[in-house]
S.K.: 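Following this message is one structure expressed as structure tokens.
In what follows, chains are A, B, ... by sequence order, proteins preceding strands, each numbered from 1. Just so you know, these numbers use all the heavy atoms, side chains as well, and skip hydrogens, waters and symmetry mates.
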Amino acid sequence: MTDTSVSTQTCFRSLASLLLKSPSTIEVLPGDASIWIPDVAERSCSPFLFIENNLGVPEKELRRSYLYAVPIFSAARKASGLHTLENSSNHTLSSAIQDLIDSSAVLILMNPAYQTALNARKQLIARNLITVEQELKFTAALLSSRHCCKQSELWYHRRWLLRRIYPTPSFPQWLAEDVIPDSPNFYLPPNDLTVEIHLVTRACELYPRNYFGWNHRTICIQSALVPGVHFNTSDVFTEIFAKEIASVMQWIESHVSDYSAVHHLKTLARLIEDTESAFLPDNLLPVFGHALTLVRAFPEHETLWQYLRVFWDEGDVATAFVASFVLPLQSTRMTEQENDSPSGVQHACHFLEWRNQRLK
Amino acid sequence: MKIFSLSVVLAPSSGPCSVLSSTSDVSSFSFYQRGSVSEFLTFFTKTVVERTPQGQRQSVQENNYTAHVYNRSGAEQLAAIIITDHEYPVRPAFSLLTKLLDDFTAKVPQSAFANPGSISFPEIQTYIQKYQDPRQADTIMRVQQELDETKIVLHKTIESVLQRGEKLDNLVERSNALSTQSKMFYKTAKKQNSCCVIM
């Protein structure tokens with residue numbers, strides 16, 4: 001073995017072991033290690049950074065480790081017999097399994113949508129070679145990274161893990177469908193729901209308008225509402241719904257172009273209408289008022305007009321809003337050049353067309 | 001909708017400007033980015049203020065950031081600058097700057113400007129926290145009607161406020177205030193033409 005391949009191997013193993021230490025965040029840093037670790041004294045994890053449980057991976061080192069991991073992964077998959085039924089001898093097996101754990105971790109960091117690597121890890125879990133808890137920590141760490149937190153495959157992988165821990169209790173299928181349509185296939189206890197919501201919030205801050213993050217959140221809320229698990233279902237439902245609606249409304253206030261958040265809120269509203277719980281659809285009335293206030297404050301954001309549409313409730317308040325705000329805003333278009341008109345005018349026009357269609 | 005930084009700057013008609021009071025919020029950035037983001041906010045602050053003529057208001061967009069500057073000049077030769085994301089509305093930003101300058105001149109004597117280290121103006125912290133929600137600025141906007149008549153120039157890129165022959169790449173490369181890591185973040189963001197990271 002040449003010197004470079006030895007050092008690449010050390011580099012690869014050290015990255016894999018750092019990844020499995022479940023860091024609180026992982027970041028891919030531009031350039032190579034020399035820029036990030038100029039001081040020899042700090043080279044304890046060289047060529048990587050590990051400060052206050054935050055892992056920093058210089059991009060060039062990640063690429064080198066990745067190229068090194070590819071052949072190891074395919075050899076280890078063959079040797080471990082994960083994709084066949086045959087069993088190898090014990091010694092080759094254990095080293096192959098370590099190779100598989102290490103290489104798949106590096107491959108997934110480089111490419112979080114690497115299905116074969118994700119599947120290999122699922123098989124390792126199925127054979128109890130990695131614990132589900134470890135893997136949950138690993139995915140949580142990955143989801144703190146900007147290029148990972150927008151990958152649907154990774155969120156799905158996480159739900160697969162949750163399903164292994166909390167499979168839905170078996171009760172008659174008709175009941176499940178009656179109470180919650182599209183009943184989820186796992187059940188999420190309140191504490192774990194908090195963990196998932198925290199992960200999603202961080203991911204949506206890192207990667208704005210993160211649809212897959214919000215989608216995960218919707219599914220997790222549904223999973224926390226699986227009927228038949230709670231003693232006093234209606235109380236739990238009320239608590240979860242009330243808290244979630246309040247927190248998403250607050251999010252929209254400071255993220256006025258996050259249409260995925262609005263979509264999530266609308267999905268919650270549908271869920272509330274479909275669920276027979278103590279949390280009545282009347283509790284959604286403040287949301288309409290909220291949308292009105294936000295459109296008045298920031299009419300230039302199309303997302304808020306869509307927010308208004310999905311919670312639109314024809315009545316006195318609505319009529320007054322159109323007369324006092326939308327019509328005056330639309331009329332400014334008549335007097336000025338179109339490309340010179342104040343922002344939001346276009347949205348107001350589209351909104352009025354939509355409303356006229358509805359009133360017909 | 002976010003304010004990243006807020007500064008009061010001494011901007012003489014010629015020569016370099018100096019930051020008198022400043023605060024920033026980089027909590028939304030990831031761990032290893034924060035240091036570089038802070039450096040770039042300071043760099044952006046100085047670069048833009050030095051290129052804003054006295055008595056003018058202007059907005060400059062660069063990558064994910066919008067800087068709103070008000071160079072009030074006058075006897076004190078003060079300017080204020082706020083760096084936000086693109087969502088933060090323009091009018092509250094400028095109302096906020098005027099109020100900040102009034103507040104600053106009322107509390108800090110001009111004699112202290114020569115020694116920025118001695119200036120204590122903790123109120124700037126309250127500003128960056130309170131006005132993260134721009135609707136908080138509604139009340140001060142009502143007082144400041146003059147803004148309506150002022151035409152604010154919006155530059156879609158920082159290059160358009162730079163002087164002839166100046167290039168942002170060169171300014172970044174030459175800057176002593178930016179670390180090697182920050183320059184690397186800048187180069188990568190530029191190369192990927194990404195909407196992400198630093199500047």
S.K.: Sort by residue number and list every member of residues 297-306 of chain A having a non-hydrogen atom under 4.5 Å from chain B.
M.R.: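 Listed by number: A:A297, A:F298, A:E300, A:H301.
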S.K.: Would you indicate whether the side-chain heavy atoms of B:M184 and A:E59 approach each other to under 4.5 Å?
M.R.: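 They are not in contact (no side-chain heavy atoms under 4.5 Å apart), so the answer is no.
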S.K.: Closest approach of B:R135 and A:T293, non-hydrogen atoms and distance?
M.R.: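 Of all heavy-atom pairs spanning B:R135 and A:T293, the closest is NH1-CG2, 4.2 Å.
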S.K.: May I have the step-by-step check of side chain to side chain donor-acceptor pair (under 3.5 Å) for A:E205 and B:S28, ending in yes or no?
M.R.: CA-CA 7 Å; A:E205 201 72 73; B:S28 60; 5.4 Å; no
S.K.: Using the side chain to side chain contact (heavy atoms under 4.5 Å, CB included) rule, take A:W36 and B:T180 through it: C-alpha gap first, then chi angles, then the decisive distance, then the call.
M.R.: CA-CA 8 Å; A:W36 292 93; B:T180 329; over 6 Å; no
S.K.: Can you tell which part of B:P134 gets under 4.5 Å to a heavy atom of chain A, answering side chain, backbone, both or neither?
M.R.: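 Side chain only.
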S.K.: Tell me, side chain or backbone of B:K183 under 4.5 Å from chain A's heavy atoms, or both, or neither?
M.R.: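 Neither part; nothing is under 4.5 Å.
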S.K.: Report the distance from atom CZ of B:F31 to atom OG of A:S144, rounding to the nearest 0.5 Å.
M.R.: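 B:F31 atom CZ to A:S144 atom OG measures 12.0 Å (nearest 0.5 Å).
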S.K.: Using non-hydrogen atoms and a 4.5 Å limit, figure out which bit of A:L294 sits close to chain B: side chain, backbone, both or neither.
M.R.: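 Side chain only.
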S.K.: Counting N and O atoms only, with roles assigned by atom type, does the side chain of B:Y32 sit under 3.5 Å from a partner on the main chain of A:N54, one being a donor and the other an acceptor?
M.R.: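 A pair under 3.5 Å: yes.
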S.K.: Is any side-chain heavy atom of B:M1 closer than 4.5 Å to a side-chain heavy atom of A:E253?
M.R.: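 Answer no - side chains too far apart.
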S.K.: Distance from B:Q132 atom CD to A:S254 atom OG, nearest 0.5 Å?
M.R.: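 B:Q132 CD to A:S254 OG: 9.0 Å, rounded to 0.5 Å.
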S.K.: What distance do A:R146 atom CZ and B:F29 atom CZ have between them, rounded to the nearest 0.5 Å?
M.R.: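 These two atoms lie 10.5 Å from each other.
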S.K.: Return the OG to CD1 distance between B:S179 and A:I35, rounded to the nearest 0.5 Å.
M.R.: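 The distance works out to 10.0 Å.
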S.K.: Can you name the closest pair of heavy atoms from B:K2 and A:H255 and give their distance?
M.R.: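 Taking B:K2 first and A:H255 second, the nearest heavy atoms are NZ-NE2, 4.0 Å.
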S.K.: Hey, what do you get for CG (A:L29) to OG (B:S36), rounding to the nearest 0.5 Å?
M.R.: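 Separation between the atoms: 9.0 Å.
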S.K.: Only pairs of heavy atoms separated by less than 4.5 Å count here; which of A:L55, A:T25, A:L206 has the most with chain B?
M.R.: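 Top option by heavy-atom pairs under 4.5 Å: A:L55.
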